[in-house]
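First the structure, in the form of structure tokens, and then the observations on it.
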Amino acid sequence: GRSEIWFTIFYCPSLVTQCSGWKNYLRRKIFMLFVVSMLYAALVFISITFLSDMPLIVLAGLLYVLPLIVSVVVTNKLIKQSKNTGIAKLIMVPLLSLLFYISFGIFAEQSGEWQQYILQNTVQTSNFTVEVSNSLLYPSQLIFATILYFSIFGLNYYYQMHRNTTLMEA
């Protein structure tokens, strides 16, 4: 009962410190995920607003490269804050990237801007063809984005864990 809790706190103050550290880690993680969510919401808004003027390479960077960079940075920061962070606790990072991709796809298609974008950016010459998908929400597109975001996240996570283990042994 209560006497056991007070005994534990009185004789094992390290447990209280660990609990307090865990709460701070959880608060920092929630705050960081909130900031990432707001960043992605702003990117969806900006991307939809300027979609008709956006070159294809910039859009590809926003949809594919930027989420990977954000995922690597946030994952590394969260791992650095808590060395024993499991992969399940960090799975929200690539999930937010995927939600950003899906949100962008939904808003772009419903605004009608996507069809206009396809017409502006489909290029065909005698040597090559650049064709923009009719929908970012086709299963093949969603599978590609999912594999991209989660595989880079997984590779980065395991690299960081291996690196931390190697640093601890040295």
Side-chain angles (χ1 to χ4, degrees), residues 22 25-124 128-166:
W22 182 81
Y25 167 74
L26 189 60
R27 285 187 193 127
R28 287 191 305 265
K29 180 180 175 188
I30 290 171
F31 177 74
M32 190 172 299
L33 292 176
F34 175 76
V35 169
V36 169
S37 299
M38 292 298 102
L39 169 73
Y40 284 149
L43 283 174
V44 166
F45 176 75
I46 291 167
S47 299
I48 297 299
T49 303
F50 298 107
L51 183 61
S52 60
D53 299 325
M54 196 177 299
L56 190 56
I57 192 79
V58 173
L59 181 64
L62 282 174
L63 289 178
Y64 302 113
V65 178
L66 185 63
L68 295 177
I69 293 168
V70 169
S71 178
V72 167
V73 169
V74 170
T75 301
N76 291 354
K77 188 155 180 72
L78 290 172
I79 288 172
K80 198 176 287 186
Q81 289 176 355
S82 177
K83 300 293 186 210
N84 58 357
T85 301
I87 195 167
K89 294 178 183 174
L90 296 172
I91 207 73
M92 284 299 296
V93 178
L95 194 57
L96 284 174
S97 298
L98 186 61
L99 288 175
F100 157 68
Y101 179 87
I102 292 170
S103 299
F104 176 81
I106 290 170
F107 287 121
E109 288 180 20
Q110 288 190 355
S111 71
E113 290 288 321
W114 189 248
Q115 292 305 318
Q116 185 65 26
Y117 191 77
I118 292 170
L119 293 174
Q120 289 175 346
N121 290 286
T122 298
V123 179
Q124 187 170 5
F128 71 95
T129 300
V130 175
E131 192 173 323
V132 180
S133 176
N134 288 331
S135 174
L136 293 172
L137 302 175
Y138 283 159
S140 61
Q141 298 292 326
L142 292 173
I143 290 168
F144 171 75
T146 302
I147 290 171
L148 179 68
Y149 298 148
F150 282 88
S151 63
I152 297 300
F153 163 76
L155 289 171
N156 179 52
Y157 175 81
Y158 285 110
Y159 171 76
Q160 292 300 324
M161 289 294 114
H162 176 71
R163 185 172 160 233
N164 286 343
T165 305
T166 306

(message) Tell me whether Y149 contacts the main-chain N or O of V93 through its side chain, where contact means a donor paired with an acceptor under 3.5 Å.
(response) no
(request) Output the distance between atom CD1 (I48) and atom CD1 (I106), rounded to the nearest 0.5 Å. (result) 10.5 Å
(request) Find out whether N121 and L59 are in side-chain contact, i.e. whether some heavy atom of one side chain is under 4.5 Å from a heavy atom of the other. (result) no
(request) Considering non-hydrogen atoms only, spot the tightest contact between L136 and E109 and give its length. (result) N-OE2, 3.1 Å
(message) With rounding to the nearest 0.5 angstrom, report the OG1 to OH distance, T146 to Y101.
(response) 9.0 Å
(request) Might you point out which heavy atoms bring Y138 and N134 nearest each other, and give the distance in Å? (result) OH-CB, 3.5 Å
(request) Return yes if some donor-acceptor pair links the side-chain N/O of S71 with the main-chain N/O of P67 below 3.5 Å, else return no. (result) no
(message) Do S47 and F107 make a side-chain contact, defined as non-hydrogen atoms from C-beta onward lying under 4.5 Å apart?
(response) no
(message) Show the nearest heavy-atom pair for residues M161 and I79, with the distance to one decimal.
(response) CE-CG2, 3.4 Å
(message) Whether the side chain of S111 engages the backbone of A108 through a donor-acceptor N/O pair (distance < 3.5 Å, no angle test) should be reported.
(response) yes
(message) Other residues, nucleotides and ligands only: do more than 12 of their heavy atoms fall within 6.0 Å of CD1 on I57?
(response) no
(message) Between Y117 and L56, is there a side-chain heavy-atom distance shorter than 4.5 Å?
(response) yes
(message) Looking at I91, is its backbone amide N or carbonyl O close enough to the side chain of Y157 to form a donor-acceptor pair, meaning the two atoms are under 3.5 Å apart?
(response) no
(request) Enter the distance from L96:CG to L33:CG here, rounded to the nearest 0.5 Å. (result) 6.0 Å
(request) Decide yes or no for L62 and M54: does some side-chain heavy atom of the first lie under 4.5 Å from some side-chain heavy atom of the second? (result) yes
(message) Do Q160 and N156 have side chains that approach each other closer than 4.5 Å (heavy atoms only, starting at C-beta)?
(response) yes
(message) Measuring from atom CG of L78 to atom NZ of K80, what distance do you get when rounded to the nearest 0.5 angstrom?
(response) 11.5 Å
(message) Would the distance check show the side chain of S151 and the main-chain N or O of L148 forming a donor-acceptor pair, the cut-off being under 3.5 Å?
(response) yes
(message) Quick check: do F100 and V36 have side-chain heavy atoms less than 4.5 Å from each other?
(response) no
(message) Do Y40 and F104 make a side-chain contact, defined as non-hydrogen atoms from C-beta onward lying under 4.5 Å apart?
(response) no
(message) Using side-chain heavy atoms (C-beta onward) and a distance below 4.5 Å, is F150 in contact with S97?
(response) no
(request) State, without any angle test, whether Q141 and S135 hold a side-chain donor-acceptor pair at a distance under 3.5 Å. (result) no
(message) Nearest 0.5 Å, please: how far is CE in M32 from CG in L39?
(response) 12.5 Å
(message) Has W114 got a side-chain atom pairing as donor or acceptor with L51's backbone, closer than 3.5 angstrom?
(response) no
(message) Could you report the tightest heavy-atom contact between G105 and L137, atom names first, then the distance?
(response) C-CD1, 4.0 Å
(message) With rounding to the nearest 0.5 angstrom, report the CG to CG distance, L63 to L68.
(response) 11.0 Å
